[in-house]
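Report on the structure given below.
The first residue of the sequence shown is numbered 1, and numbering continues consecutively from there. Only a predicted model underlies this, so the values are computations on that prediction, with no experimental measurement involved.
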Amino acid sequence: MSSATLPLLMPSPNQSTRVASGYSQLSQLNTPPDDFFDEFPPKWNAPKPFISRHIFQICCFIFTWRSDLHWLHDLLKEGNAWEELHSRYLTQLNQVSTVQGLVLATAAVFISSNPPLAKDVNYISNSSYACLAESLIFSLFGLLFQLKVSASGIVFQRRSAAKIIIERRWRIFWHLLGMAMPIVIFTISVVLLLISIVLTGFASHSETVQMYLSITFAFLATCHLVSILGSPFYHHFSNLCVHILRIENGE
């Protein structure tokens with residue numbers, strides 16, 4: 001390489017300065033501002049009118065299992081909590097999508113096949129078939145909603161989107177509703193599939209099938225109840241009920 005070409009390859013001081021300033025601006029964009037969520041947003045307080053205030057509290061209870069949005073402010077004011085929260089949600093949503101596909105395949109197999117023992121287990125009866133068909137539909141639309149939320153979640157987890165969402169208290173509820181819809185649809189599809197199995201078992205003419213089904217569901221219900229009583233969800237729910245009762249009694 002000749003010495004005449006070396007000056008062309010070496011960056012000039014002005015170019016180095018522009019590159020350095022560009023990198024500094026990019027790092028400033030990726031770094032959350034210090035004043036983000038430092039103070040509790042005034043519009044996050046409960047409305048003063050009686051009806052609006054109770055609607056607000058009901059929405060808080062449905063979407064967050066709490067009576068206000070102070071917990072959300074405490075959670076999001078630290079570091080990159082907004083991004084981390086949405087990243088964890090999208091990871092769990094991918095796992096839900098896998099299970100949703102299994103529910104869809106199970107419902108499709110039951111609908112498209114004839115029962116081997118129609119007298120004992122007839123899952124193509126009117127009631128069972130209707131629940132299976134609804135489970136299939138909810139599973140299909142659940143996958144579509146999960147795909148939509150996964151695609152839009154990349155945008156929602158940005159700090160710029162958070163600034164827009166927190167400007168109004170109702171935007172938070174709409175955002176939480178959009179995130180909760182895939183889980184709600186998934187739950188409905190699973191419940192419909194279980195109802196179809198229960199209807200098939202109890203509508204059977206075989207007492208053995210009815211007895212086995214009763215024992216199985218009693219055992220599963222007991223295990224599920226024990227898991228709920230030992231979970232943080234139950235303790236949080238009980239503390240919330242006690243807190244609401246104390247507020248109503250003026251304590």
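A single hydrophobic cluster is not seen to contain both I195 and I188; linkage of ILVMFWY side chains at heavy-atom distances under 4.5 Å, directly or through other members, places them apart. M181 and I172 end up in the same hydrophobic cluster when Ile, Leu, Val, Met, Phe, Trp and Tyr side chains are linked at under 4.5 Å. Both V190 and V96 are members of a single hydrophobic cluster when ILVMFWY side chains are connected at heavy-atom separations under 4.5 Å. Residues L194 and V103 are members of one and the same hydrophobic cluster, defined by side-chain heavy-atom contacts under 4.5 angstrom among Ile, Leu, Val, Met, Phe, Trp and Tyr. Linking Ile, Leu, Val, Met, Phe, Trp and Tyr whenever their side-chain heavy atoms come within less than 4.5 Å puts V99 and L143 in one cluster.
The closest donor-acceptor contact from the side chain of R53 to the backbone of A46 lies at 3.5 Å or more, if one exists at all. A donor-acceptor pair is defined here as one N or O able to donate and one able to accept, closer than 3.5 Å; no such pair exists between the side chain of S189 and the backbone of S135. A donor-acceptor distance shorter than 3.5 angstrom exists from the side chain of T216 to the backbone of Y212, with no hydrogens or angles considered.
Taking SG from C131 and CG from N126, the interatomic distance works out to 11.0 Å, rounded to the nearest 0.5 Å. Once rounded to the nearest 0.5 Å, the distance linking CG of L199 with OH of Y129 reads 15.5 Å. Between the NE2 atom in H86 and the OH atom in Y89 there is a gap of 9.0 Å [rounded to 0.5 Å]. Taking CD of Q100 as the reference point, atom CG of L140 lies at 9.0 Å (rounded to 0.5 Å). To the nearest 0.5 angstrom, T106 atom OG1 is 11.0 Å from I111 atom CD1. Here OG1 of T98 is found 9.0 Å from CD of Q146. Values are rounded to the nearest 0.5 Å.
More than 12 heavy atoms of other shown residues, nucleotides or ligands fall within 6.0 angstrom of atom CG in L102. Shown here is F145, whose CZ atom has no more than 12 heavy atoms of other residues, nucleotides or ligands within 6.0 Å.
Using a 4.5 Å cut-off on side-chain heavy atoms (C-beta onward), M211 and I215 make contact.
A side-chain contact (heavy atoms from CB on, under 4.5 Å) with L132 is found for exactly one of L193, I137, V109, namely L193.
The two residues L93 and S150 make their nearest non-hydrogen contact at CD2-OG, 3.5 Å.
Separation of the H175 and F156 ring centroids falls under the 6.0 Å cut-off.
In this structure, the side chain to side chain contact (heavy atoms under 4.5 Å, CB included) partners of F217, at least two apart in sequence or on a different chain, are V198, L213.
Side-chain contact of S128 with S196: a donor-acceptor pair under 3.5 Å is absent, judged by distance alone.
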